[in-house]
Amino acid sequence: MSESSSLRGFGNAFSSSARDGALPPQNSPQRVPFGLFAEQLSGTAFTAPRHENRRTWMYRLRPSAAHPAYREVTNRTPGWKTGPFELPPAANRLRWDPLAPPEGRVDFLGGVHTLAGNGSPEAAAGIAMHRYSFNASMRDEAFFNADADQVFVPQTGTLEIVTELGRFDVPPGFIGHVPRGMRMRIDVGGPVAGYLCENYGAAFVLPELGPIGANGLANPHDFESPSAAYTADAAPTRLVQKLGGHFYATDLPRSPFDVVAWRGNLVPYRYDLSRFNTINTVSFDHPDPSIFTVLTSPGPRPGTANCDFVIFPPRWMVAEHTFRPPWFHRNVMSELMGLIHGTYDAKASGFSPGSASLHNSMSAHGPDRATYEAAIEEPMEPRKIDGTLAFMFETCRPFRPAAGAVSCPTLQPDYDAVWSGFE
């Protein structure tokens, strides 16, 4: 997806056509141009408030309803788990080393490994956090997630995400978002690894800026959605769906990516994290990490999110008389962190790119001893934190770890030791 072909904006009502004359002047005409079929994909209830309503009209070669019955598949996604999670919330702080590269040929559906989550798709609340590691494109197969919106955070390798509305690539340093229910395929040119958040709750929106004013943080014009692109490929395609944590498949005689034109505001998008306009202190003290919020999924109470996506990008640190790294704290929210590249400024070692850490509600955490000792002696001069990109998915509910995550060989058994030896 080039800058010239992308549709720019967040929450916009776009229209796009891969063939002149294919987009009708109304949503559902008696006859659609070229004999196409009109079909609506609704991401919210019909009666959702207008500013929250998300839907897109598609004009396609064949209706997506034309398929035989689904059958359950049980061996396609062995590492992908869905809430409600059976284990209790993690009382201990947990940290995992990066995933090992896969053995043999593994594609997206086989390469997802669940770390933890909360809530459930049926409750329409909560999230699930996964890591992925795979090395092959999806072969003659497509997928849609009826449980959740999906946010991809690549750590190594570029994802080429093909959707019904068009295709776009998501390299490291970007995030990619695919709405619930939208058919997709992921192609890769080699080994890839990264993180995936499933959002069971309210759709992600941009956070309110309050006293910051009209500009700053993630600007709407930096979000990119793909233009219409379709295929008339008649090759048989296996379509897999995820519903209630179960996976089902059906066989199509054709490609499902046959949308010639579309209009609406339920769209996939990507965002370049280097475009985030970081806000920071220019006097004293370390501001709350909420100033680094890129996206938020509103929760049950104002100001308490179902999920916040927060990044820790390159930035200047100029606060005087201040302990500059993240301070020791306990938080009503629960945090799951990852590192895309570089070094996280609160951990001197043990947290390498591709790692993940989990700190549940009211779990005490903060900088390790080496970081602390360096920070209290550091000259109070302006310093730029550079060459790093960490992120956090934060939620108002405690994380319940997946059984496979607590038995995973990458789980660090001595994570608590990073806080030992303080005098």
Side-chain angles (χ1 to χ4, degrees), residues 7-14 41-45 48-56 83 117-119 121 123-130 144-154 159 161 163 165 168 170 174-182 184 194-210 216-226 264-273 275-277 289-311 313 333-338 391-397:
L7 307 171
R8 304 185 72 90
F10 187 91
N12 290 17
F14 295 116
L41 177 63
S42 296
T44 53
R50 190 178 184 93
H51 68 281
E52 296 178 3
N53 212 296
R54 295 289 182 269
R55 85 285 180 265
T56 287
N118 54 47
I127 65 172
M129 282 301 307
H130 320 274
F144 72 92
N145 192 332
D147 286 341
D149 296 331
Q150 299 170 107
V151 177
F152 295 87
V153 187
L159 306 177
I161 303 180
T163 75
L165 304 191
F168 60 111
V170 188
F174 284 65
I175 59 171
H177 179 278
V178 178
R180 183 180 323 210
M182 185 163 290
M184 57 172 283
Y195 307 83
L196 168 63
C197 174
E198 280 187 287
N199 175 19
Y200 306 143
F204 281 109
V205 296
L206 299 181
E208 299 294 342
L209 294 178
L217 307 186
N219 289 304
H221 61 264
D222 289 321
F223 288 80
E224 301 174 277
S225 295
N265 59 3
L266 183 71
V267 296
Y269 58 78
R270 73 175 187 178
Y271 173 70
D272 181 353
L273 297 175
R275 301 294 299 165
F276 187 78
N277 184 201
S290 49
I291 61 168
F292 301 120
T293 303
V294 180
L295 297 168
T296 184
S297 165
R301 298 179 300 279
T304 306
N306 175 68
C307 182
D308 281 336
F309 174 62
V310 179
I311 64 171
M333 302 287 279
S334 298
E335 306 168 357
L336 199 148
M337 288 197 62
F391 69 89
M392 174 172 69
F393 283 95
E394 186 178 63
T395 171
C396 64
R397 301 172 185 86

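When reading the values below, keep in mind they use all heavy atoms of this one structure, side chains included, and skip hydrogens, waters and symmetry mates. Remember, predicted model here, so these are calculated numbers, not experimental data.
In this structure a side-chain-to-backbone donor-acceptor pair under 3.5 Å is missing from D308 to E394. In this structure a side-chain-to-backbone donor-acceptor pair under 3.5 Å is missing from R270 to G176.
We find the CZ-CD distance between R180 and E198 to be 9.5 Å, quoted to the nearest 0.5 Å. Rounded to the nearest 0.5 Å, atoms CG (N265) and CG (N12) are 8.5 Å apart. Separating the NE2 atom in H177 from the SG atom in C197 is a distance of 9.0 Å, to the nearest 0.5 Å. Between the CZ atom in F144 and the CD atom in Q150 there is a gap of 11.5 Å [rounded to 0.5 Å]. Residue I127 holds its CD1 atom at 12.5 Å from CG of D149, rounded to the nearest 0.5 Å. To the nearest 0.5 Å, the span separating OG1 on T293 from CE on M392 amounts to 7.5 Å.
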| What's the verdict on side chain to side chain contact (heavy atoms under 4.5 Å, CB included) for L41 and R55, showing C-alpha distance, side-chain angles and the deciding distance? | CA-CA 6 Å; L41 177 63; R55 85 285 180 265; over 6 Å; no
| task | Let me see the working for V267 and M182 under side chain to side chain contact (heavy atoms under 4.5 Å, CB included), right down to the final yes or no. | result | CA-CA 9 Å; V267 296; M182 185 163 290; 6.0 Å; no
| message | Using the rule given for side chain to side chain contact (heavy atoms under 4.5 Å, CB included), can you reason through F14 versus S225, listing the C-alpha separation, both sets of side-chain angles and the distance that settles it, and then say yes or no? | response | CA-CA 9 Å; F14 295 116; S225 295; 4.0 Å; yes
| said: Applying ring-ring contact (aromatic ring centres under 6.0 Å, His included) to F391 and Y195, what does each step give before you reach the verdict? | reply: CA-CA 10 Å; F391 69 89; Y195 307 83; 4.7 Å; yes
| said: Could you walk me through whether F393 and V153 satisfy the side chain to side chain contact (heavy atoms under 4.5 Å, CB included) test, starting with their C-alpha distance in whole Å, then the side-chain angles of each, then the deciding distance to 0.1 Å, before giving a yes or no? | reply: CA-CA 11 Å; F393 283 95; V153 187; 4.1 Å; yes
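Nearest heavy-atom pair, Y200 versus A128, reported as atom, atom and distance to 0.1 Å: OH-CB, 3.3 Å. Nearest heavy-atom pair, I291 versus F276, reported as atom, atom and distance to 0.1 Å: O-CZ, 3.8 Å. For P179 against L266, the heavy-atom pair with the smallest separation is CB-CD1, 3.7 Å. Of all heavy-atom pairs between T44 and R54, the closest is OG1-N, 2.9 Å. Between S297 and F204, the closest heavy-atom pair is N-CD2, 3.6 Å. Nearest approach of P313 to F292, heavy atoms of both residues: CD-CD2, 4.2 Å.
The shortest distance between side-chain heavy atoms of C307 and M129 does not fall below 4.5 Å. Using a 4.5 Å heavy-atom threshold, the side chains of I175 and V170 count as separate. In this structure, V151 and L196 have side chains that are not in contact, with every pair of non-hydrogen atoms separated by 4.5 Å or more. F168 is listed as a side-chain neighbour of T163, based on a closest heavy-atom distance under 4.5 Å. Residues D272 and D222 fail the side-chain proximity criterion, which asks for heavy atoms closer than 4.5 Å.
Between the side chains of N277 and N219, no donor-acceptor pair of N or O atoms lies under 3.5 Å.
Environment of CD in E208: sparse, with no more than 12 heavy atoms of neighbouring residues, nucleotides or ligands closer than 6.0 Å.
Classified by interplanar angle (parallel below 30°, tilted 30° to 60°, perpendicular above 60°), the ring pair Y269/F223 is perpendicular.
Residue N306 forms a side-chain hydrogen bond (donor to acceptor under 3.5 Å, both in side chains) with just one option from N118, T395, N199, and that option is N199.
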